[in-house]
Amino acid sequence: MASSDLNELFEAAVSFAETMLAKEGEFIPFGVSMDLIGKVALVAGDVGSEHPASTEVIALLQSSFQQSAARGSIRAAGVCLDVRVTPPGTAARSDAICVRLAHVSGEVVEVYVPYTGQSGTYQYGQVFATQASAFRVVEA
């Protein structure tokens, strides 16, 4: 069950990230969450600054999701960010959409969608995933 929840969150995050890339050429980190009945929501991380540091937004989102999970109001969450990564089987680094996902069951994964191009003309590469341990929905 956790994987299907995480897949749904991944699809929502990537869809929004691709829309923002097409419209703006970039996106700031944002979150996605799933409540107990399976409703998915996009979540902004407002740290009170017009141009916040990505690390501040990510920390705020992760902390907020951990608190929500501890209260029992969500069962899964993720943070979506723009990164540079070396996809498997290549030597060159690429821009990529990264979605860090966690489920209250303990499943944690980072999923990457490499991309190239310029605003409005992006081409997306092969999706790949890695196990993650840095982001957990619930405290250890």
Intermediate values then yes/no, salt bridge (charged side-chain N to carboxylate O under 4.0 Å, His left out), R84 and D95: CA-CA 5 Å; R84 300 264 309 151; D95 290 318; 3.4 Å; yes
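- Under 4.0 Å is where a charged nitrogen must lie from a carboxylate oxygen, and between D5 and R75 at least one such pair does.
- The nearest pair of heavy atoms linking Y115 to L21 is OH-CD2, 3.8 Å.
- Here the CG-SG distance, from L42 to C80, works out to 9.5 Å after rounding to the nearest 0.5 Å.
- Checked by atom type and distance alone, the side chain of T90 pairs as donor or acceptor with a backbone atom of P87 at under 3.5 Å.
- Below 30°, between 30° and 60°, or above 60°: for Y112 and F128 the angle between ring planes is below 30°, a parallel geometry.
- The two atoms that bring F65 and G31 nearest to each other are CZ-CA, 3.9 Å, heavy atoms only.
- Residues L81 and R100 meet the side-chain proximity criterion, which asks for heavy atoms closer than 4.5 Å.
- In this structure, the side chains of S3 and E107 come closer than 4.5 Å at one or more pairs of heavy atoms.
- When all heavy atoms of A96 and V85 are compared, the pair lying nearest together is CB-CG1, 3.5 Å.
- Using a 4.5 Å heavy-atom threshold, the side chains of E110 and L101 count as separate.
- Contact detail for I74 and S33: the closest heavy-atom pair is CG2-CB, 4.3 Å.
- Side chain of S73 to backbone of S68: a donor-acceptor contact under 3.5 angstrom is found.
- Checked by atom type and distance alone, the side chain of Q123 never pairs as donor or acceptor with a backbone atom of G117 at under 3.5 Å.
- Evaluation of the side-chain contact (heavy atoms from CB on, under 4.5 Å) rule for V14 yields F10, E18, I97, V99, V113 as partners, not counting sequence neighbours.
- Panel note: side chain S15, backbone A12; no donor-acceptor pair is recorded below 3.5 Å.
- In this structure the side chain of V43 never reaches within 4.5 angstrom of the side chain of V32, judged on heavy atoms.
- Closest non-hydrogen pair, G72 versus L36, comes out as O-CD1, 2.8 Å.
- Side-chain heavy atoms closer than 4.5 Å link hydrophobic residues (I, L, V, M, F, W, Y) into clusters, and following such links, even through other members, never connects I28 to Y122.
- Residues P29 and V57 share a closest heavy-atom pair of O-CG1, 3.5 Å.
- Using a 4.5 Å cut-off on side-chain heavy atoms (C-beta onward), V40 and E8 make contact.
- Residues V108 and H103 are not in side-chain contact: their nearest non-hydrogen atoms beyond the backbone lie 4.5 Å or more apart.
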